[in-house]
Amino acid sequence: MTAEAPPSGWSSLSQVYPRRAFVLAGLGAGLGLALAGVALFTAKGTSTLVVPADAVAMVNQQPISRIDYDAQLRVLAPEPGDATPAVRKQVLDDMIREELFVQRAKELDLAVMDPEIRAAMVKAVEAQAAANVVTARATEDQVRAYYDAHRDKYASEGTMTVRDLVFPSGTADAARAALAGGAPVAAVLARFGG
């Protein structure tokens, strides 16, 4: 069966042409499959082979930060030229191993069972919350206001021990010089007759 050429104008839309219908249905199916594939591989939690620009590797969809990698690399190789491929591989392998251990600890819910891990997590959250306070530099007015508000913490009654030493008039200057030089009081008293 041969298909007739469609007539021009609106009348061609009212007739069915099997070849055109088949081609359009195929294009629609192909487009639908392509969109489904894109959605499938870009949905959150799906596995892809793409490593984000700010990461050096992905471990079970968790990125290893390039900033952390560079910081650990600087510990082993302070100068940029000192980082050999073997050192870079060692740092990356260590970071991947550490990430796997962290993920396994999460799976086992060790934070609930181990008090040391709980304490470390609490300290980490407290440090993160206090980070901007710790790094902020107080102005002179803020320091003065804090001191004025908490003056009682910085004020205390002092004590002073006073001794009255008396020496004969001929040895008083020499005794004063010896005491100023750090000589023991008992030795100065005995030596100069005080």
* Asked: I117 and V122: same hydrophobic cluster, using ILVMFWY side-chain contacts below 4.5 Å?
  -> no

* With sequence neighbours excluded, tell me which residues meet side chain to side chain contact (heavy atoms under 4.5 Å, CB included) with P52. => D54, A55, M58

* Got a donor-acceptor contact below 3.5 angstrom from the Q142 side chain to the T139 backbone? -> yes

Could you list the residues that satisfy salt bridge (charged side-chain N to carboxylate O under 4.0 Å, His left out) with [X], not counting sequence neighbours?
X	value
D148	R151
E140	none
D68	none

Return all side-chain donor-acceptor pairs below 3.5 angstrom for residues 165-191, not counting sequence neighbours, or 'none' if the list is empty.
residue: T171; atom: OG1; partner: P168; partner atom: O; Å: 3.3
residue: T171; atom: OG1; partner: F192; partner atom: O; Å: 3.2
residue: D173; atom: OD1; partner: R176; partner atom: NH1; Å: 2.9

* Taking all atoms of both residues into account, what is the closest heavy-atom pair of V56 and S65, and its distance? -> CG2-O, 4.4 Å

* Neighbour count above 12 (heavy atom, 6.0 Å) for L31 CG -> yes

* Asked: How many angstroms lie between CD in E107 and CZ in R104, if you round to the nearest 0.5 Å?
  -> 5.0 Å

Please tabulate, for side-chain N and O atoms in residues 90-103, each donor-acceptor pair with protein atoms closer than 3.5 Å (sequence neighbours left out).
residue: D93; atom: OD2; partner: K89; partner atom: NZ; Å: 2.7
residue: E99; atom: OE2; partner: Q103; partner atom: NE2; Å: 2.9
residue: Q103; atom: OE1; partner: N60; partner atom: ND2; Å: 2.8
residue: Q103; atom: NE2; partner: V59; partner atom: O; Å: 2.8

